[in-house]
Amino acid sequence: MSSIKIECVLRENCRCGESPVWEEASNSLLFVDIPAKKVCRWDSLSKRVQQVTVDAPVSSVALRQGGGYVATVGTKFCALNWEDQSTVALATVDKDKKNNRFNDGKVDPAGRYFAGTMAEETAPAVLERHQGSLYSLFPDHHVEKYFDQVDISNGLDWSLDHKIFYYIDSLSYSVDAFDYDLQTGKISNRRSIYKLEKEEQIPDGMCIDADGKLWVACYNGGRVIHLDPETGKRLQTLKLPVVKTTSCCFGGKDYSEMYVTCARDGMDPKDLLQQPEAGGIFKITGLGVKGIPPYPYAG
């Protein structure tokens, strides 16, 4: 068993860092800082960070097949042009809910951009319940809504055979699975595959590895848990030196490194003194597993 190493590679002081995505072409990690309205790109070779600031909270970013990126900004699915730092709205959701915003999002194996909404928080994880919905932006820019009554729409990914969609609504304290039809993008047969234990706190962002196992960042839990979705068993717990871990992805040249985002909003000065790397980007090596490349949005 190789020894696991956890290090803070970027002390970014994100208020709420989220949605890490590896971009192989530029050896870079993309991520967002939601309340700071920033999309960031950290070059792993030069160690430099570039940022684009947008006009509303930005909750997820993804690669785009034709170049550039897509992002969820406020309640809009947007195209993001890095060169001129412009965004163009592709679709808008939740028009009747002025207090809502998108949260986590990810692209499926057929190139659809899935993302869900939630009510704006009054404090971290404190918000009006059941205001969110789960949506998907298809390559032709039409949007489909899957279900509503969501509290905090969060982590999402697909099984390696593309037949199962995994999803987290954070305040259900559960990782759920749906049957997935890749041709149509339809989901059915929702069930819980893992219920979080008390010390694991709130399930947040999630990714899948090349063995088909899930990794879930636990907000307020200071950890990433490694789950077997078939048995419902926890295989491993990675504890980080920050408590507000938000999301994770695999990256690096062979996808053998894990990157973890975290937050500092909601922490008091004493906590921040004890956790000086809060809001940074962490890299975990020596896990003995690899991830798979992210799918790009096909529209």
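When reading the values below, keep in mind they use all heavy atoms of this one structure, side chains included, and skip hydrogens, waters and symmetry mates. Numbering starts at 1 and runs along the sequence shown.
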| query | Taking the six-membered ring for Trp, are Tyr69 and Trp82 parallel (under 30°), tilted (30 to 60°) or perpendicular (over 60°)? | reply | perpendicular
Is there a donor-acceptor contact under 3.5 Å linking the side chains of [X] and [Y]?
X	Y	value
Glu200	Tyr173	no
Ser28	Ser26	yes
Asp94	Thr75	no
Asn154	Ser170	yes

Starting from [Y], can I reach [X] by hopping between I/L/V/M/F/W/Y residues whose side chains sit under 4.5 Å apart?
X	Y	answer
Leu137	Leu80	no
Leu214	Leu287	no
Ile281	Val21	no
Val61	Leu63	yes
Val52	Val49	no

Any heavy-atom pair between the side chains of [Y] and [X] that's under 4.5 Å?
X	Y	answer
Trp215	Ile284	no
Cys207	Lys106	yes
Thr245	Lys239	no
Gln275	Cys262	no
Pro124	Tyr219	yes
Gln236	Ile4	yes
Pro276	Arg11	yes
Trp158	Leu182	no

| task | Please name the residue in the list Phe250, Phe31, Trp22, Phe282 that meets the ring-ring contact (aromatic ring centres under 6.0 Å, His included) test with Tyr259. | result | Trp22
Could you note down all residue pairs passing salt bridge (Lys or Arg N to Asp or Glu O under 4.0 Å) where [range] supplies at least one of them, sequence neighbours left out?
range	answer
residues 123-136	Arg129-Asp151
residues 201-217	none
residues 269-280	none
residues 70-91	none

Using a cut-off of 6.0 Å, state whether more than 12 heavy atoms not belonging to [X] lie near its atom [atom1].
X	atom1	value
Lys195	NZ	yes
Glu230	CD	no
Lys97	NZ	yes
Lys47	NZ	yes

| So does Arg15 pair up with Asp265, basic N to acidic O under 4.0 Å? | yes
| message | Could you check whether Arg264 pairs with Asp33 (Lys NZ or Arg NE/NH1/NH2 to Asp/Glu carboxylate O, under 4.0 Å)? | response | no
Looking at [atom1] of [X] and [atom2] of [Y], how far apart are the two atoms once the value is rounded to the nearest 0.5 Å?
X	Y	atom1	atom2	answer
Phe114	Glu144	CZ	CD	8.5 Å
Thr231	Tyr194	OG1	OH	10.5 Å
Thr72	Asp104	OG1	CG	8.0 Å
Ile292	Ile208	CD1	CD1	6.5 Å
Ser192	Asp169	OG	CG	11.5 Å
Asp176	Ile168	CG	CD1	8.5 Å

Which pair of heavy atoms, one from [X] and one from [Y], lies closest together, and at what distance?
X	Y	result
Leu196	Cys218	CD2-SG, 3.9 Å
Pro229	Ile193	CB-CD1, 3.7 Å
Val58	Ala71	CG2-CB, 4.1 Å
Ser19	Ser59	CB-O, 3.8 Å
Asp148	Ser133	CB-OG, 3.2 Å
Ala62	Val107	CB-CG2, 3.6 Å

| Inter- and intrachain pairs under side chain to side chain donor-acceptor pair (under 3.5 Å), touching residues 107-116, at least two apart | Ser60-Tyr113, Asp108-Arg112, Asp108-Tyr180, Arg112-Tyr180
| query | Are the aromatic rings of Tyr297 and Phe77 close, with centres under 6.0 Å apart? | reply | no
| field | Residues Leu29, Leu10; criterion side chain to side chain contact (heavy atoms under 4.5 Å, CB included); working and verdict | value | CA-CA 11 Å; Leu29 185 77; Leu10 179 63; over 6 Å; no
| request: Please lay out, stage by stage, how Ile187 and Tyr167 fare under the test side chain to side chain contact (heavy atoms under 4.5 Å, CB included). | output: CA-CA 11 Å; Ile187 60 175; Tyr167 175 73; over 6 Å; no
| task | With Arg190 as the cation and Tyr146 as the aromatic partner, state whether NZ or CZ is under 6.0 Å from the six-membered ring centre and within 45° of the axis. | result | no
| message | If the test is side chain to side chain contact (heavy atoms under 4.5 Å, CB included), which one of Cys248, Pro20, Cys249 qualifies with Met258? | response | Cys248
| said: Please determine whether side chain to side chain contact (heavy atoms under 4.5 Å, CB included) holds for the pair Glu121 and Val126, giving the CA-CA distance in whole Å, both sets of side-chain angles, and the decisive distance to 0.1 Å. | reply: CA-CA 5 Å; Glu121 297 163 302; Val126 178; 5.7 Å; no
| Passes side chain to side chain donor-acceptor pair (under 3.5 Å), Thr261 versus Ser247? Steps please. | CA-CA 5 Å; Thr261 51; Ser247 193; 4.7 Å; no
| Which residue pairs pass the ring pair (Phe, Tyr, Trp, His ring centres under 6.0 Å) test with at least one member in residues 117-142, sequence neighbours excluded? | Phe138-His142
| task | Walk me through it: do Cys16 and Glu18 pass the test side chain to side chain contact (heavy atoms under 4.5 Å, CB included)? | result | CA-CA 6 Å; Cys16 185; Glu18 262 286 4; 4.3 Å; yes
